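All figures in this text were calculated on a predicted structure; none of them were measured in a lab. We use all heavy atoms of the structure for the numbers below, so side chains are in, but hydrogens, waters and symmetry mates are not. In what follows, chains carry the letters A, B, and so on, assigned in the order in which the sequence lines appear, proteins first and then strands, with residues in each chain numbered from 1.
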Amino acid sequence: MKNVFLTVKENRPLTNDFYKMVLEGECSGHTAGMFVNIKLQDFTLRRPFGIADADNHSITLLYKVVGLGTKYMTTLQNGVIIDVLTCLGNGFNLGKASKPLLIGGGTGIAPLFKLAKELKSKYPNIILGFRTHEDVCMIHEFSEFGNVHVTTDDGSYGYKGNVLSYLKSTGIVYDYYYACGPLVMLKNLTSIDKNGELSLESRMGCGFGACMGCSIKTKSGYKRVCKEGPVFNASEVIFDEQT
Amino acid sequence: MNRLEVELLGKKLKNPIIPASGTFGFGYEFAEYYDINILGSIALKGTTLHPRYGNPLPRVAECKSGMINAIGLQNPGADQVISTELVKLKKAYRDKAIINIGGHSFNDYIDTAKKFNGISNIWAVELNISCPNVEGGGMAFGTNPLIIKELTSAVKRVITNPLIVKLSPNVTSIQDMAIAAEEGGADAISLINTLVGMRIDLKTGKPIISVKSGGYSGVGVFPIAIRMIYAVSSCVKIPVIGMGGISNAREVLEAMYAGAHAVMIGTQNLIDPYACQSIINELPDVMDQLSIRNIRDIIRRSI
Ligand SMILES: Cc1cc2nc3c(=O)[nH]c(=O)nc-3n(C[C@H](O)[C@H](O)[C@H](O)COP(=O)(O)OP(=O)(O)OC[C@H]3O[C@@H](n4cnc5c(N)ncnc54)[C@H](O)[C@@H]3O)c2cc1C
Ligand SMILES: Cc1cc2nc3c(=O)[nH]c(=O)nc-3n(C[C@H](O)[C@H](O)[C@H](O)COP(=O)(O)O)c2cc1C
Ligand code: FES
């Protein structure tokens, strides 16, 4: 973990309620799957967001407006300086797959972007699921790194259905998956196949391991989503008790 | 001469700043962020006899001026705290820490507290009496003066370290609770623990916290804490450790004027992992501004 002050360099909507924010400053040390925890003026708790992209001097976040904090984030102008805890969490295990499959639902596409970039040489299959065509974004960007498949719940763009029915109905060849998205999606995914890893969300008090606010039960005991996670082996997570 | 030094229960503390239980884990993880040896002492995560996972998620809810938590005392249990957590702490922290103990029956508290007798890096036991009393029908121990007195003396009898009783603010008369703890043989009192609170999710119409309500803490509770520190300091002879919403050096001084011999910093550690370090660094300047030479001189000055 590092506590740094970063400058807003870009903050614009990609869709109606999904934004891209680029922050500049001391950003070294991020690997795909890590997250940052952002202090917003007048909000008590920090807000956690996955790293969609990062280099030593900048990070990119993709965030959805869901409540007051993310609404406030949309008002941040270029040049504003914000207090950020960076390099949080464990990140994805990149070495596991020779034929990787990336599965993202909704805001879950965010941490998969950096992962796709890093797995580029293996040209991963990437399934991105959205509710409707108005939510669809980042397709061209993801297409630089792999073979992108798009689903929408209402069929208004790409395959009609969710990412799992798509996965079942097609013969995508993969040996290991990386998934991030709604809890039900992750839970149903693990009932089909446990050979992969999941990036989880949890309401957080601190984001760096101090409060036990985010603990989940796993087969090898209690784990903090913010410290031992947010990425867990799909076979480890016990779903029923945490929803 | 160290201007920040205070004495608590016969122990000299470098400064009055102690991270509060439950907001600093078992201490060692904060050593990754700064040198925790600068702290006055450390109050460790609430420990119970047996391991506890705690409550289902969500366990935290944000509030305008604080947060609600219902962690439910997640901890690996006293034996593993001693065999693993305290061993890790010892590598990062040269001084001794305060063990915080929770329980749901008299025997829970007694058996857990006893285990820390003679543990080389523990110097005091802090009794968290805000837990529900399972045998007593779920009512918190800390809301009944008779039970406080009995529990305090039962634990005091079996331990070799000084005993700090941590009071819950969810009572009609905090003075009665403090006097009961003093009569039971407490060596010090710490307060306040969290205030019972609730938030409701406007999207679902249901409480955010899985177990519905939880403990409210953070900057919003500060005036309540000050009043209770003052009230308790005015009616007992044993030293008081003050906490509740403290987030900067000025508020540390305010709590000490109100009667605190030392202070604990809780929620602020979660928002700013460097909070205790910043407050310690900030204190001398703020004392200069107020012409305070030695911090111990201001303890109880408002009473
Ligand atoms: C590790 C991690 C990575 C995340 N990555 C992303 C991302 O890349 N893009 C994205 O759009 N969202 C992401 N989220 C979810 C994001 O943190 C929440 O949407 C955001 O905190 C909501 O804030 P708010 O003030 O708008 O909502 P409010 O509902 O007003 O927030 C109230 C409180 O609840 C918390 N909260 C609400 N929803 C969530 C949630 N889903 N998860 C955790 N805490 C929540 C807030 O942090 C805040 O403390 C991530 C969450 C976690 C835990
Ligand atoms: C996440 C969290 C966990 C806590 N866990 C404990 C605990 O295990 N034992 C205890 O006595 N108090 C516990 N507390 C209470 C604090 O130690 C402190 O009394 C309270 O939060 C008020 O101080 P603050 O406003 O500075 O946080 C906890 C508080 C928080 C926020
Ligand atoms: S959010 Fe505090 S331990 Fe994970």
Side-chain angles (χ1 to χ4, degrees), chain A residues 1-5 29 37-48 65-70 72 83-88 183 200-230 237-243, chain B residues 19-20 22-30 32-34 45-46 51-76 80 199 201-203 208-210 214 216-220 245 247 266-275 277-278:
Chain A
M1 186 205 74
K2 291 183 213 170
N3 188 189
V4 294
F5 290 84
N37 212 3
I38 298 186
K39 181 83 186 87
L40 301 173
Q41 208 186 330
D42 298 332
F43 289 87
T44 305
L45 298 180
R46 290 171 182 267
R47 297 294 188 274
V65 179
V66 298
L68 293 180
T70 43
Y72 169 77
D83 172 343
V84 187
L85 301 178
T86 61
C87 298
L88 299 170
L183 212 52
L200 301 184
E201 285 184 3
S202 165
R203 284 193 183 236
M204 294 183 170
C206 64
F208 52 88
C211 73
M212 305 295 151
C214 64
S215 299
I216 59 157
K217 283 185 180 175
T218 72
K219 296 207 171 118
S220 49
Y222 313 133
K223 299 279 167 71
R224 293 164 294 187
V225 170
C226 72
K227 191 89 178 180
E228 286 82 35
V237 179
I238 300 171
F239 277 99
D240 291 327
E241 315 212 26
Q242 45 160 309
T243 35
Chain B
T23 64
F24 212 71
F26 288 95
Y28 56 87
E29 284 177 326
F30 277 75
E32 295 169 29
Y33 315 140
Y34 63 88
K45 173 71 195 152
R52 280 176 62 89
Y53 166 64
N55 292 319
L57 301 182
R59 298 174 172 186
V60 291
E62 187 184 47
C63 308
K64 195 108 202 175
S65 309
M67 65 181 283
I68 294 172
N69 90 81
I71 308 300
L73 289 178
Q74 180 183 340
N75 79 95
Q80 206 188 314
R199 291 300 307 273
D201 185 334
L202 295 184
K203 284 179 195 148
I208 293 175
I209 299 278
S210 66
Y216 178 49
S217 64
V219 296
S247 65
T267 305
Q268 197 59 26
N269 292 309
L270 307 181
I271 299 160
D272 173 10
Y274 299 92
Q277 182 185 48
S278 309

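Taking every heavy atom of both residues into account, B:Y274 and A:N3 meet most closely at CE1-CB, 3.6 Å. Here the closest heavy-atom approach between residue B:L57 and residue A:S202 is recorded as CD1-OG, 3.7 Å. Between B:I71 and A:G213 the shortest heavy-atom distance is CD1-CA, 3.5 Å.
Here the straight-line distance linking atom CZ of A:R224 with atom CD of B:Q74 works out to 8.5 Å at 0.5 Å rounding. With rounding to the nearest 0.5 Å, the separation of CG in B:N69 from CZ in A:R203 is 14.0 Å. Atom CE of residue A:M212 and atom CG of residue B:N75 lie 9.0 Å apart, to the nearest 0.5 angstrom. Taken from SG in A:C206 to CG in B:N269, the straight-line distance is 10.0 Å, to the nearest 0.5 Å.
In terms of heavy-atom pairs under 4.5 Å with chain A, the best-connected choice from B:I271, B:N55, B:L202 is B:I271. For chain B, the option among A:M204, A:K39, A:M1, A:R46 with the highest count of heavy-atom pairs below 4.5 Å is A:M1. Note: B:P273 leads B:G54, B:P273, B:G25 in heavy-atom pairs under 4.5 Å with chain A. In terms of heavy-atom pairs under 4.5 Å with chain B, the best-connected choice from A:L45, A:D83, A:L68 is A:L45.
If you measure heavy-atom distances from B:S65 to chain A, the contacts under 4.5 Å come from the backbone alone. Interface remark: A:V66 contributes backbone and side-chain atoms alike to the contact with chain B (heavy atom separation under 4.5 Å). For B:F30, the part lying near chain A is the side chain, with the backbone staying farther off; criterion is any non-hydrogen pair under 4.5 Å.
Side-chain contact between B:R59 and A:S215 is present, with heavy atoms from C-beta onward closer than 4.5 Å.
Using cut-offs of 30° and 60° for the angle between ring planes, the B:Y53 and A:Y222 rings count as tilted.
Of the possible polar contacts, one joining the B:E62 side chain to the A:T44 backbone as a donor-acceptor pair under 3.5 Å is found.
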